[in-house]
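Chain letters run A, B, ... following the sequence lines, proteins first, then strands; residues in each count from 1.
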There are 2 protein chains.
Amino acid sequence: MAANSQFSMAVHVLSMLAASRDENVKSDCIAGSVNTNPVVIRRLLGQLAQAGLVVSQSGSNGGTRLAKCPNEINLADVYSAVSCGEVFALHAREPNKDCPVGRNIEAVLCHVQKRIDRTIAETLSSYTLANIFDMVEKGAAA
Amino acid sequence: MAANSQFSMAVHVLSMLAASRDENVKSDCIAGSVNTNPVVIRRLLGQLAQAGLVVSQSGSNGGTRLAKCPNEINLADVYSAVSCGEVFALHAREPNKDCPVGRNIEAVLCHVQKRIDRTIAETLSSYTLANIFDMVEKGAAA
DNA sequence: GACATTGTAACTAATATCGTTACAGATGGC
DNA sequence: GCCATCTGTAACGATATTAGTTACAATGTC
């Protein structure tokens with residue numbers, strides 16, 4: 001249970017909210033579709049709310065709905081909202097600074113990492129929630 | 001100790017091998033620079049050997065060296081050699097197929113995931129080991 | 001044959017993610 | 001005002017992954 005499925009869950013959740021535009025959806029209902037516990041959903045919704053993608057209401061008739069139109073939300077927003085870790089981690093233990101390679105490798109890797117993060121953000125930002133919801137409705141990806 | 005630093009280690013290791021071109025390097029020596037245990041290095045070298053990036057020799061005077069020139073190895077090769085997990089995981093538990101969204105979301109996410117994998121591979125393949133070693137020698141990234 | 005080195009299995013420790021229970025706080029209907 | 005319903009969040013446990021470590025067989029050099 002190590003890999004991070006928060007992004008997948010987030011896209012799933014947002015698609016459901018997109019399906020019930022302007023109507024509060026309860027965490028119980030979402031949990032039923034994602035097949036998990038409502039608390040897991042509420043935790044996730046908290047992150048999405050902080051990022052300004054959704055708004056929640058407590059109380060009776062409470063629930064959550066999108067804070068923007070589906071075409072104003074792109075997957076890069078979602079990705080950064082759930083703060084997935086980096087694609088690869090830098091060294092766990094600091095390399096040996098007495099070695100010419102050990103001394104400089106971290107800076108180089110850091111540079112590569114930033115480059116990749118940018119690439120991913122660019123790719124993800126080409127998908128809006130509206131696009132995704134379209135694909136989901138049509139039933140096929142591709 | 002959760003994030004995957006194998007890619008970082010692999011690049012570090014390969015840079016060291018590039019520095020000692022055509023000369024066997026011992027896992028002990030590499031471990032000294034990476035600041036970890038020789039066994040961890042040998043495990044990693046095993047993966048790199050399977051991918052045809054390095055060759056190892058046992059016995060006295062054994063060790064490991066590059067199997068190709070540094071400019072014939074790119075970071076996409078390295079990335080796939082150490083088989084880092086995907087950038088994001090698909091759903092841990094299967095979504096509810098009775099929900100229109102749950103039924104189709106996985107295919108859509110799978111599509112997005114493949115797209116990202118391709119993007120990452122493209123970006124990484126623009127760096128050769130020779131490039132990386134150059135940066136390491138110059139001391140600065142940028 | 002002695003010795004150095006790799007390859008690999010087995011175990012431990014640390015950590016992250018997810019699921020679950022529990023409960024306080026908010027909100028609306030009556 | 002009271003109650004049912006919902007969110008927000010804390011606390012805990014189960015599970016999985018990663019890395020570090022020890023141990024030892026297999027391999028190759030001298």
Side-chain angles (χ1 to χ4, degrees), chain A residues 1-10 12-13 17 20 23-32 34-51 54-65 67 82-96, chain B residues 1-10 12-13 17 20 23-32 34-51 54-65 67 82-96:
Chain A
M1 201 173 300
N4 196 336
S5 62
Q6 294 217 81
F7 177 74
S8 289
M9 280 207 321
H12 187 155
V13 167
L17 297 185
S20 312
E23 209 176 303
N24 277 343
V25 183
K26 303 186 208 323
S27 62
D28 250 348
C29 163
I30 302 177
V34 176
N35 188 22
T36 184
N37 194 292
V39 174
V40 173
I41 299 297
R42 292 204 288 268
R43 275 200 289 242
L44 182 59
L45 286 172
Q47 295 185 269
L48 298 178
Q50 272 200 318
V54 304
V55 264
S56 292
Q57 263 182 344
S58 16
S60 192
N61 280 7
T64 307
R65 57 186 189 284
V82 298
S83 66
C84 293
E86 310 288 342
V87 176
F88 60 87
L90 277 322
H91 290 66
R93 294 157 78 157
E94 180 158 315
N96 183 350
Chain B
M1 203 173 296
N4 196 336
S5 63
Q6 293 217 83
F7 177 74
S8 290
M9 279 206 321
H12 186 155
V13 167
L17 297 184
S20 312
E23 209 176 303
N24 278 342
V25 184
K26 303 186 208 323
S27 61
D28 250 348
C29 164
I30 301 177
V34 177
N35 188 22
T36 185
N37 194 291
V39 174
V40 173
I41 298 298
R42 292 205 288 271
R43 274 199 288 241
L44 181 60
L45 286 172
Q47 295 186 270
L48 299 177
Q50 272 201 318
V54 305
V55 263
S56 292
Q57 266 182 342
S58 14
S60 192
N61 279 9
T64 307
R65 58 185 188 284
V82 298
S83 65
C84 293
E86 310 289 344
V87 176
F88 59 88
L90 276 323
H91 290 66
R93 294 158 80 156
E94 178 159 316
N96 184 349

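- Taking both residues in full, the closest heavy atoms of B:Val82 and B:Ala10 are given as CG1-CB, 3.9 Å, listed atom of the first, atom of the second, then distance.
- Straight-line distance from the CZ atom of A:Arg93 to the P atom of C:dA14: 12 Å, rounded to whole Å.
- Here the straight-line distance linking atom CG of A:Leu17 with atom CG of A:Leu45 works out to 6.5 Å at 0.5 Å rounding.
- Put simply, CD on B:Gln6 is 13 Å from C1' on D:dG20, counting in whole angstrom units.
- B:Phe7 has its CZ atom 14 Å from the P atom of D:dA19, to the nearest Å.
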Practice problem: Could you walk me through whether A:Thr64 and A:Val25 pass side chain to side chain contact (heavy atoms under 4.5 Å, CB included), step by step? | Solution: CA-CA 5 Å; A:Thr64 307; A:Val25 183; 5.6 Å; no
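- With sequence neighbours left out, the side chain to side chain contact (heavy atoms under 4.5 Å, CB included) criterion links A:Asn37 to A:Val39, A:Val40.
- If you take CG of A:Asn35 and P of C:dC18, they are 14 Å apart, rounded to a whole angstrom.
- Rounded to an integer number of Å, the gap from A:His91 NE2 to D:dG20 P is 10 Å.
- Here the P atom of nucleotide C:dG7 and the CG atom of B:Leu48 are 11 Å apart, to the nearest Å.
- Atom CG of B:Asn24 and atom C1' of C:dT5 are 10 Å apart (whole Å).
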Self-check item: CA sep, side-chain torsions, deciding dist, call: A:Glu94, B:Asn35, side-chain hydrogen bond (donor to acceptor under 3.5 Å, both in side chains)
Solution: CA-CA 7 Å; A:Glu94 180 158 315; B:Asn35 188 22; over 6 Å; no
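- In this structure, CG of A:Asn37 is placed 14 Å from C1' of C:dT17, rounded to the nearest angstrom.
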Practice problem: Sugar-phosphate means primed atoms, P, OP1 and OP2; the rest is base. With that split, encode nucleotides 6-11 of chain D 5' to 3' as B, S or - using protein heavy atoms under 4.0 Å. | Solution: BBBBBB
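- Counting only distance, with no hydrogens or angles, the side chain of B:Asn4 and the backbone of A:Phe88 share no donor-acceptor pair below 3.5 Å.
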